[in-house]
Number of protein chains: 4
Amino acid sequence: MSVNKVILVGNVGKDPEIRHLDSGVAVANFPLATSETYTAKNGEKVTTTEWHNIVLWRGLADVAEKYVTKGRQLYIEGRIRTRSYDDKDGNKRYTTEIYGDVMQLLGSAPGNQSSGGGNSSNTSQQASAPSSQVNEPDFSEPEGDEDLPF
Amino acid sequence: MSVNKVILVGNVGKDPEIRHLDSGVAVANFPLATSETYTAKNGEKVTTTEWHNIVLWRGLADVAEKYVTKGRQLYIEGRIRTRSYDDKDGNKRYTTEIYGDVMQLLGSAPGNQSSGGGNSSNTSQQASAPSSQVNEPDFSEPEGDEDLPF
Amino acid sequence: MSVNKVILVGNVGKDPEIRHLDSGVAVANFPLATSETYTAKNGEKVTTTEWHNIVLWRGLADVAEKYVTKGRQLYIEGRIRTRSYDDKDGNKRYTTEIYGDVMQLLGSAPGNQSSGGGNSSNTSQQASAPSSQVNEPDFSEPEGDEDLPF
Amino acid sequence: MSVNKVILVGNVGKDPEIRHLDSGVAVANFPLATSETYTAKNGEKVTTTEWHNIVLWRGLADVAEKYVTKGRQLYIEGRIRTRSYDDKDGNKRYTTEIYGDVMQLLGSAPGNQSSGGGNSSNTSQQASAPSSQVNEPDFSEPEGDEDLPF
DNA sequence: TTTT
DNA sequence: TTTT
C-alpha cells in the first residue's frame with residue numbers, strides 16, 4: 001500500500017565506482033547533481049545544487065560501467081533508501097541513497113561537444129549505447145535484490 | 001536543466017510538528033512510512049519500511065496541521081533535500097528530507113475504521129477534510145465512450 | 001532513450017471488464033477519474049473531471065478482477081498508449097489508453113464509509129484486500145531520529 | 001483527492017506551432033516521440049513509437065518558441081487532457097493532449113552535433129537557454145489557466 | 001513527425 | 001563532485 005519513487009535528471013559528478021559482491025553481483029555508485037535556480041529578493045540569481053548518491057545493481061551497474069562518465073546527463077528513476085552504518089567512533093550514522101531501477105543516457109557525452117570539455121575519449125562507444133530500459137514482450141517481472149545485504 | 005522529483009504514497013508515523021519561523025512562515029515536519037514486501041530465498045515474506053522526513057511549508061503546513069494525523073495515508077510530491085548540521089560534538093552531520101510541493105489526503109482517517117486503531121478522536125473533522133488540491137469526482141458515468149471499442 | 005510515464009490517483013468509474021485473449025492472457029479495462037478544482041474569475045469553484053481508460057494485463061488484471069470496484073480509489077503507474085481502430089463507417093479513429101504497470105489500492109472501499117455512498121455491497125472482501133505491491137507499515141515509531149534536529 | 005501526472009522524455013517531431021489567443025496568451029503545440037524497444041519472440045528487436053500532443057501555455061510557450069526545435073530532446077512534466085471536438089461531418093471526436101507544466105531542454109540541440117543533422121541554425125542561442133523551471137524563494141503559486149477555454 |  |  002505504498003509508493004516510493006524518485007525521478008532525477010542531472011549530471012554525473014564523478015565516474016562510477018564499480019564493485020562486485022562475493023556473489024558476483026555488480027554494484028555501481030556515483031553522485032548525481034540536480035540544480036535549482038531561483039531569483040532572490042535582491043534580484044540576484046542563486047543556484048543551489050543537490051547531490052544524490054546513486055546506487056545501481058546488476059545489469060544497470062554494467063551499463064553504468066560502460067557508458068556513464070563524469071559530466072554525463074542522466075535520467076534516473078528509482079527509490080529512496082536510507083541505511084545506517086557505524087562511523088569510526090562507533091556512532092550510528094545514516095546515509096540516504098537512490099537505488100536506480102531505470103536509467104536513460106541523455107543528450108550526448110560531454111566529450112562529444114565542440115566546446116572543448118574534452119575529458120572523455122570514448123566518443124565512439126556512445127554511438128552504440130544501448131537503451132538501458134527494455135520492454136520484454138513476455139512482461140517478466142524485474143528481478144529483485146532480495147538476497148543483498150542493503 | 002535538471003529534475004529532482006519524489007512521489008510518495010505512505011502512512012504518517014507521528015502527528016506533525018508545526019513551527020512558525022520568525023517571519024511567520026509555517027513549517028510542518030512528520031515522518032512518512034513506505035513499505036516494500038518481497039519474498040526471500042527461503043520463501044518467507046519480508047517487509048522493509050522506509051521512513052521519510054517530510055517538510056511542508058506555508059499553506060501545506062497549515063493543511064497538515066488541520067488534517068494530517070498519525071496513521072493517515074498520504075500522497076506527497078516533492079523534492080529531495082539533504083542539509084548539514086552540527087551535532088552536539090560539533091561534527092558535521094547530514095540529514096535528508098522531502099520538501100513536499102503537493103499533498104493529497106488519501107482514503108479516510110484511520111480513526112474512521114472499525115479495525116480499532118483508535119489513536120484518533122478527531123473523526124468528525126476528517127469527514128469534512130477538503131482535498132488539498134482537487135475534489136472528488138461525482139461518479140457520473142464517463143460520457144462518450146459508448147461507441148468506442150474498449 | 002525515452003520515458004513515457006503516467007502517475008494517477010483517482011476513483012474507478014465502473015467495475016472492470018475482464019477479458020481473456022485466446023492465449024489465456026487476462027486484460028482488464030475500466031475508467032478512472034481524476035479531478036481538478038479551480039476558482040474561476042467570478043470566484044466560483046469549478047471542478048473538471050478527466051476520465052482515463054485504464055488497461056491492465058495478466059497479474060494486474062487478476063488483481064483488478066478481485067479487488068477493483070466502482071468508486072474505489074487507486075494509484076496507477078503506467079504509460080500512455082494511443083491506438084487506432086476503424087469505426088463503424090470505416091474511418092480511422094484514435095483512442096488513448098493508460099497501460100498500468102503498477103497498481104495500489106488506496107484507502108478503503110467506498111462501501112465501508114458511514115457517509116452513505118453505498119453503491120457497494122461487497123464490503124467484506126475489501127477488508128482483506130491485499131496490497132497489490134507492498135504491505136502496510138506497522139507504525140512502530142521511526143527509529144534513530146531522536147537525536148536529530150528535526 | 002486525485003493526481004494526474006505525466007512525465008515524458010522524448011524527441012520533438014516538428015517545430016512548435018505558436019498561437020496567441022485573443023487575450024494575448026501564447027499557446028505552443030508540437031508532437032513529442034517516445035520509443036520503446038523490446039525483443040520479440042523470434043529474437044528480433046522491435047521499436048514502437050508513441051506520439052504525444054504537447055500543449056504549452058504562456059511562459060512555457062514562449063520558451064518553446066525560442067528554444068524548441070524539431071529533433072530536440074525534452075523532458076516534459078504535465079497532465080493528461082482529453083477534449084472533444086466536432087469533425088467535419090459533425091461527429092464528436094476525442095483527442096488526448098499533454099498539458100506541460102514543466103519543461104527541460106535536454107542534451108544539446110541536434111544542429112550542434114558534428115554528425116551533420118543540420119536543420120538548426122540557432123546554435124548560439126542554446127548556450128543562453130534559460131531554465132524553464134525556476135524556483136522562487138517566495139513560493140508563489142504557479143498561475144493557472146482558469147480563464148482559458150480548454 | 002523524432003531519436004538511437 | 002556535475003551542469004547551464
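Below, read A as the first sequence line, B as the second, and so on, with proteins coming before strands; counting in each chain starts at 1.
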Measure the distance from [atom1] on [X] to [atom2] on [N] and round it to the nearest whole Å.
X: D:F30; N: E:dT1; atom1: CZ; atom2: P; result: 18 Å
X: D:I98; N: E:dT2; atom1: CD1; atom2: P; result: 20 Å
X: D:L106; N: F:dT3; atom1: CG; atom2: P; result: 16 Å
X: D:I76; N: E:dT3; atom1: CD1; atom2: C1'; result: 16 Å
X: D:L8; N: E:dT1; atom1: CG; atom2: C1'; result: 16 Å
X: D:Q104; N: F:dT2; atom1: CD; atom2: P; result: 20 Å
X: D:D15; N: E:dT2; atom1: CG; atom2: C1'; result: 11 Å
X: D:N53; N: E:dT1; atom1: CG; atom2: C1'; result: 11 Å

Taking the basic N atoms (NZ, or NE/NH1/NH2) and the acidic carboxylate oxygens, is any pair closer than 4.0 Å for D:K5 and B:E77?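 A salt bridge links D:K5 with B:E77.
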
Checking D:D87 now: which residues fulfil side chain to side chain donor-acceptor pair (under 3.5 Å) with it, not counting sequence neighbours?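 By the side chain to side chain donor-acceptor pair (under 3.5 Å) rule, D:D87 matches D:R93.
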
Suppose we screen for side chain to side chain donor-acceptor pair (under 3.5 Å). Which residues come up paired with A:T48, at least two apart in sequence or across chains?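 Per chain and number, A:T48 pairs via side chain to side chain donor-acceptor pair (under 3.5 Å) with no residue.
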
F:dT2 base stacked by A:W51 (centroids within less than 5.5 Å, tilt under 30°):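 No.
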
Counting only side-chain heavy atoms from C-beta out, which of F:dT3, E:dT1, E:dT2 sits nearest to A:S35?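 Of F:dT3, E:dT1, E:dT2, F:dT3 is nearest to the side chain of A:S35.
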
Out of F:dT1, E:dT2, F:dT2, which nucleotide sits closest to the side chain of A:N11?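 Given the options F:dT1, E:dT2, F:dT2, the side chain of A:N11 is closest to F:dT2.
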
For the CG atom on D:N42, are there more than 12 heavy atoms of other groups (residues, nucleotides or ligands in this structure) within a distance under 6.0 Å?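 Result for CG/D:N42: enclosed.
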
Base, sugar-phosphate, or nothing: which does D:T49 touch, judged by heavy atoms less than 4.0 Å apart?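 Since a base atom lies under 4.0 Å of D:T49, the category is base.
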
